[in-house]
Chemist: 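Before we start, here is the structure in question, set down as structure tokens.
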Amino acid sequence: MATPQPPETLEADRGLAAVGAGLDALDAPSQNQRRSPWQRFLRTALPPIVAFALLLGAWQALWAAAFWPEYQLPAPAAVWDTIWATVRSGDAGEILWTSVSRAVLGFVVAVIIATPLGLLIAKVRVVRAAIGSLLTGLQSLPSVAWVPAAILWFGLTPSAIYFVVLMGSVPSIANGLVSGIDQIPPLLPRVGQALGAGKLSSARHILLPAALPGYLAGLKQGWAFSWRSLMAAEIIATSPQLGLGLGQFLHNGQSLNDISMVIAAIFLILLVGIGIELLLFRPLERAVLRARGLTGAL
């Protein structure tokens, strides 16, 4: 026969159960975060669609008011006709593939170079003192400044373009990783050392995962810099052997005084940048935030 517990013990047990339920409620996602697909669409997709429609309407109104001549501000329909003509001729696929493939290849090489460089700068004081400030200075240097030197060193070849892309993206990725590692609690690397983790194991299993938010921010900024650097290189370094990319397409519009082609090229450049953000970096960022329980920022 069980001995009845005193009322004080029962009250304490109820209090502990209430505290545990409260903590569980804090960990569980709130009902406001459990949205239907239609609610997610209204929250994420509808605002940019409305903003684009308003921008398009303002553009059409300014064109109809004829404040500027046609060669300075074309109608939205004229720009769309230029884009559609490029698509029908098959040039759009070649233009996009040339630029996007260059940007992706240059970005992948930049990640391979910048990741160990960032680890080295973050963990070796002598290296940070020697080149840390230099790396920050390179990050603030406009990428277009490298184009003349790259042409003189490599000629009008793809190597010149890739060099400009690397010089634009490597400092951003490395600095992002350094910033992420600097924010890691000192206890984590010490625990790894106590468990027998070597330098490579500690970097792979402790430093990189713990620094992932800062590293991901550096990757996003590195991609933006690589894309901007590529456009600068393609606009200046124009040659038939380099192929027709978005920068060359933009340059051709300027040379022909065709403002519709210029705005069409700007639109395509912007479209690629938004597409990479939505298809690659936004899902990665959400996965990292969810893994850390930061669902409120989603």
Chemist: Nearest heavy-atom pair of Q254 and V262: which atoms, and what distance?
Modeler: N-CG2, 3.6 Å

Chemist: Heavy-atom distance under 4.5 Å between the side chains of R102 and E234, does that happen here?
Modeler: yes

Chemist: Looking only at non-hydrogen atoms, find the nearest pair between N175 and T136 and report the distance.
Modeler: ND2-CA, 3.8 Å

Chemist: Just by distance, do the side chain of S179 and the backbone of G176 share a donor-acceptor pair under 3.5 Å?
Modeler: no

Chemist: Before giving the answer on side chain to side chain contact (heavy atoms under 4.5 Å, CB included), spell out for Y162 and L105 the whole-Å C-alpha distance, their side-chain angles and the decisive distance to 0.1 Å.
Modeler: CA-CA 9 Å; Y162 287 123; L105 179 58; 3.5 Å; yes

Chemist: Let me check something: do V124 and I121 share a hydrophobic cluster, defined by ILVMFWY side-chain heavy atoms less than 4.5 Å apart, either directly or through other members?
Modeler: yes

Chemist: For the CG atom of L119 and the OH atom of Y215, what is their distance to the nearest 0.5 Å?
Modeler: 8.0 Å

Chemist: Keeping the roles fixed (side chain from S133, backbone from A129), state whether a donor-acceptor pair exists under 3.5 Å.
Modeler: no

Chemist: Does any N or O in the side chain of S101 come within less than 3.5 Å of the main-chain N or O of T98, such that one atom is a donor and the other an acceptor?
Modeler: yes

Chemist: Heavy-atom distance under 4.5 Å between the side chains of D81 and S260, does that happen here?
Modeler: no

Chemist: Take the angle between the ring planes of W146 and W153 and call it parallel below 30°, perpendicular above 60°, tilted in between.
Modeler: tilted

Chemist: Spell out, yes or no, whether I236 and I161 are grouped together once hydrophobic residues are joined by side-chain heavy atoms under 4.5 Å, including indirect joins.
Modeler: no

Chemist: Hey, mind stepping through L244 and N252 against side chain to side chain contact (heavy atoms under 4.5 Å, CB included) and telling me if it holds?
Modeler: CA-CA 10 Å; L244 181 61; N252 291 345; 3.7 Å; yes

Chemist: How close do F163 and A150 get, heavy atom to heavy atom, and via which atoms?
Modeler: CD2-CB, 3.8 Å

Chemist: Once the angle between the rings of W223 and F281 is folded into 0 to 90°, is it parallel (under 30°), tilted (30 to 60°) or perpendicular (over 60°)?
Modeler: tilted

Chemist: How close do I83 and A264 get, counting heavy atoms only, and between which atoms?
Modeler: CG1-CB, 3.5 Å

Chemist: Can you tell me which residue among V272, I276, L278, L271 is in a side-chain contact (heavy atoms from CB on, under 4.5 Å) with I274?
Modeler: L278

Chemist: Using the side chain to side chain contact (heavy atoms under 4.5 Å, CB included) rule, take F154 and T157 through it: C-alpha gap first, then chi angles, then the decisive distance, then the call.
Modeler: CA-CA 6 Å; F154 303 101; T157 63; 3.8 Å; yes

Chemist: When rounded to the nearest 0.5 angstrom, what is the spacing between CG in L56 and CH2 in W80?
Modeler: 11.5 Å

Chemist: To the nearest 0.5 Å, what is the distance between CD1 on I269 and CZ on R228?
Modeler: 12.5 Å

Chemist: The test is side chain to side chain contact (heavy atoms under 4.5 Å, CB included); show your working for R128 and K123 and say whether it passes.
Modeler: CA-CA 8 Å; R128 172 174 288 198; K123 302 306 295 182; over 6 Å; no

Chemist: When clusters are formed by joining ILVMFWY residues with side-chain heavy atoms under 4.5 Å apart, either directly or through shared neighbours, do L120 and L219 land in the same one?
Modeler: no

Chemist: Please report the closest heavy-atom contact between V147 and A233, naming both atoms and the distance.
Modeler: CG2-CA, 4.0 Å

Chemist: Checking S229 against S143 for the side chain to side chain donor-acceptor pair (under 3.5 Å) test, could you report, in this order, the C-alpha distance in whole Å, the side-chain angles of both residues, the deciding distance, and whether it holds?
Modeler: CA-CA 5 Å; S229 303; S143 303; 2.6 Å; yes

Chemist: Please round to the nearest 0.5 Å and tell me the distance separating atom OG of S172 and atom CZ of F225.
Modeler: 4.5 Å

Chemist: Which residue, I173, I131, L177, forms the side-chain contact (heavy atoms from CB on, under 4.5 Å) with L117?
Modeler: I131

Chemist: Shared ILVMFWY cluster between I151 and M167, side chains joined below 4.5 angstrom?
Modeler: yes

Chemist: W59 side chain to P74 main-chain N or O, any donor-acceptor pair under 3.5 Å?
Modeler: yes

Chemist: Would a hydrophobic clustering, with Ile, Leu, Val, Met, Phe, Trp and Tyr connected at side-chain separations under 4.5 Å, put I266 with V79?
Modeler: yes

Chemist: In the structure I gave you, are the side-chain heavy atoms of L250 and I235 within less than 4.5 Å of one another anywhere?
Modeler: yes

Chemist: Measure the shortest side-chain to side-chain distance between Q72 and I259 over non-hydrogen atoms and say whether it is less than 4.5 angstrom.
Modeler: no

Chemist: For L96, does its backbone N or O pair with a side-chain atom of S99 as donor and acceptor, under 3.5 Å?
Modeler: no

Chemist: Over all heavy atoms of both residues, which pair between L246 and A265 is shortest? Give the atoms and the distance, please.
Modeler: O-CB, 4.4 Å

Chemist: Do F249 and T86 have side chains that approach each other closer than 4.5 Å (heavy atoms only, starting at C-beta)?
Modeler: yes

Chemist: Could you tell me which residues satisfy salt bridge (Lys or Arg N to Asp or Glu O under 4.0 Å) with E94, sequence neighbours excluded, listed by chain and number?
Modeler: none

